[in-house]
Amino acid sequence: AKKLFYTNRRINIMQLIYSNDKTPEEIASGEISELLKVEAASNEKDNVEEEKDDEEFFKIIKSQEKDSDSVNTLDSTKAYLDTSNLDKWDDEITLESIRNRFITGSLDDDS
Amino acid sequence: MSNNNSSTGKVLSFSGHEYLRQRLILATLSGKIVKIGKIRSENDNPGLRDFEASFLRLLEKVTNGSTIDINYAGTTILYKPGVITGGKIYHDCGTSRAIGYFLEPLIALAPFGKQPFDLTFNGITNDNVDISMDSIRTVTLLQLKRFGIEEGLELKITKRGSAPLGGGEINFKCPLVRTLKPIQFTDEGRIKRIRGIACCTRVSPQNANRLVDSARSVLNRYIPDVYIYTDVYKGEESGKSPGFALSLVAESTTGALYSAEQAALPGETPEDIGSKTAKLLLNELSKGGCVDSLNQWLTLLLMVLGPEDVSKVRVGNLTAFTIQYLRDLRDFFAITFKIKSDTKNNTLLMACVGVGYINYSKKTT
């Protein structure tokens, strides 16, 4: 059963990337595992939301086009680096959480 | 399937000005004709921007026999790629985008030319939109080494130029290869050292020291081996605008590299930039993987171009840019990656079989 679960996951991530209408920004902004859950659970919900979107279809396009030179649509790899939520690195717990990524970290963990 | 792509005959169609560079580069490598429409067609100021036109001109310089048709309004491009020639090329990158915008995609073409690339670019070397020359030199070029592109690879920053007026100059040399090597890079290791470059132009050299101090204050808690060079350019070599920037690189025991960089905007202090860059680096490290988010695309592309053998790499979170890159790689080369998520440390294992790209201009000796 465990094996099956993982194979399903793999296909899901590939599906998410290769056969999905979501924009790359939407996929990248969410935690991948969370997106998969949402995907599986709420196909029905999506339909409802889509209908809602349709009503304001033209408005949405307009607002997107207006700021089409904003950072999100710049053709740059660096634009996707998130500089907005760096405050969490002032927190001692977050700082300690990556201790084991360094050679100075403890050796007896699994990461 | 994605709806902004429909292949009619041999022409691949895309729409939108986003991801323009990668589509042109992939078209050049795969030899496919590509049509890009709806370039800011709804915008008040429609069509190509000057830097995009400049990139098209540059692409014409490094290839032979390619034709680019742009419609009157500049909203549609039809690009028929020729062969990659390379050689000694000079290009003025202007000041609307930094040199990184132009050099970054060309790195993927450079190993497959007829003659070794010898590029001289003029413009902005460090800014906050495009990858800086320091990061290209210390991280991006090292990604190529893993694929067997090694001797003669060089990037020299002869002059620095900060935004907005630029005035920097760089020289990039890349050797030719016939084929790439496949990679198996799934062990991320642990960080053993951190290096960096703090540079400043047309401001007091003291600013560079302040950058170093503030970055070290964040990073020294993890590891003592933090060394940040200060790189102060003076006079003619420091471009036309004042500015300072910091680029940091963390290296792991297995040779994985993670980069972070920031350039100062008007009004920001060196202390802000220093700690911001250091935190960005920590952010990058927390994602894990063997390739940092700035260079995911290059590694994945070179894996696709590699020999018909399995290449594997471990990456942290995929960025939006990379996701679109994966989609474009599928459209141009019909290669899809096997992506497996590793729940243990939240990374992704990506594997693919290369297309066996061969550079026939390079003789086997």
Side-chain angles (χ1 to χ4, degrees), chain A residues 5-7 9-29 31-33 36 61-62 64-66 68-69 71-83 85-90 92 94-105 107 110-111, chain B residues 1-3 16-22 40 42-43 52 97 100-101 104 128-131 190-192 218 221-224 252-253 260-262 276 278-280 282-283 285-286 288 293-295 297 317-324 326-327 330 336-341 343-346 348:
Chain A
F5 174 73
Y6 283 119
T7 38
R9 271 182 74 92
R10 189 184 80 189
I11 293 164
N12 279 340
I13 293 174
M14 289 174 64
Q15 258 176 9
L16 196 64
I17 289 170
Y18 285 123
S19 47
N20 200 296
D21 289 335
K22 281 202 169 79
T23 63
E25 285 79 12
E26 281 172 330
I27 298 172
S29 60
E31 190 76 20
I32 287 184
S33 49
L36 290 175
I61 290 284
K62 243 186 181 175
Q64 268 178 1
E65 288 297 338
K66 263 195 176 166
S68 71
D69 276 340
V71 176
N72 278 332
T73 56
L74 277 175
D75 187 6
S76 158
T77 43
K78 203 170 145 185
Y80 296 109
L81 292 185
D82 195 2
T83 51
N85 60 358
L86 290 175
D87 287 343
K88 68 177 179 188
W89 292 108
D90 289 330
E92 195 68 19
T94 342
L95 283 168
E96 279 308 307
S97 71
I98 61 163
R99 169 69 75 188
N100 281 324
R101 294 281 291 119
F102 292 83
I103 46 171
T104 48
L107 294 168
D110 52 346
S111 70
Chain B
M1 291 288 166
S2 69
N3 46 8
H17 65 280
E18 302 101 336
Y19 314 108
L20 180 83
R21 295 178 300 164
Q22 70 194 48
R40 299 193 184 84
E42 307 287 321
N43 199 291
E52 285 160 349
R97 292 297 286 263
Y101 177 84
E104 192 183 19
N128 252 344
V129 180
D130 291 298
I131 187 165
R190 288 177 182 217
I191 305 304
K192 62 173 179 185
V218 180
R221 61 179 290 141
Y222 293 110
I223 196 161
S252 84
T253 45
E261 54 174 27
Q262 282 290 303
K276 212 163 134 188
K279 285 171 187 171
L280 259 180
L282 297 180
N283 214 12
L285 293 176
S286 68
S293 37
L294 277 176
N295 297 296
W297 68 273
N317 282 350
L318 292 174
T319 64
F321 188 88
T322 313
I323 291 170
Q324 185 58 44
L326 287 169
R327 290 178 175 175
R330 179 200 54 195
T336 50
F337 279 80
K338 292 265 177 303
I339 307 165
K340 211 156 105 186
S341 86
T343 39
K344 221 160 72 186
N345 52 5
N346 247 331
L348 300 170

Completion exercise
Of B:Ile131, B:Val218, B:Leu282, B:Ile223, the largest count of non-hydrogen pairs under 4.5 angstrom with chain A goes to B:Leu282
Practice task
May I ask you to say whether B:Lys279 pairs ionically with A:Asp87, meaning some side-chain N is under 4.0 Å from a carboxylate O?
Solution key: no
Problem - Validation row: B:Leu326, B:Leu318 side chains within 4.5 angstrom (heavy atoms) - result: yes
Exercise for the section: Check whether B:Ser286 gets within reach of chain A through its side chain, its backbone, both or neither, counting any heavy atom under 4.5 Å. Expected result: both
Problem - Partners passing side chain to side chain donor-acceptor pair (under 3.5 Å) against A:Thr94 (at least two apart in sequence or in another chain) - result: A:Asp91
Problem - Structural part of B:Tyr222 lying under 4.5 Å from a heavy atom of chain A - result: both
Problem - Structural part of B:Glu52 lying under 4.5 Å from a heavy atom of chain A - result: neither
Problem - Partner residues of B:Arg221 under the side chain to side chain donor-acceptor pair (under 3.5 Å) criterion, sequence neighbours left out - result: A:Glu92, A:Glu96
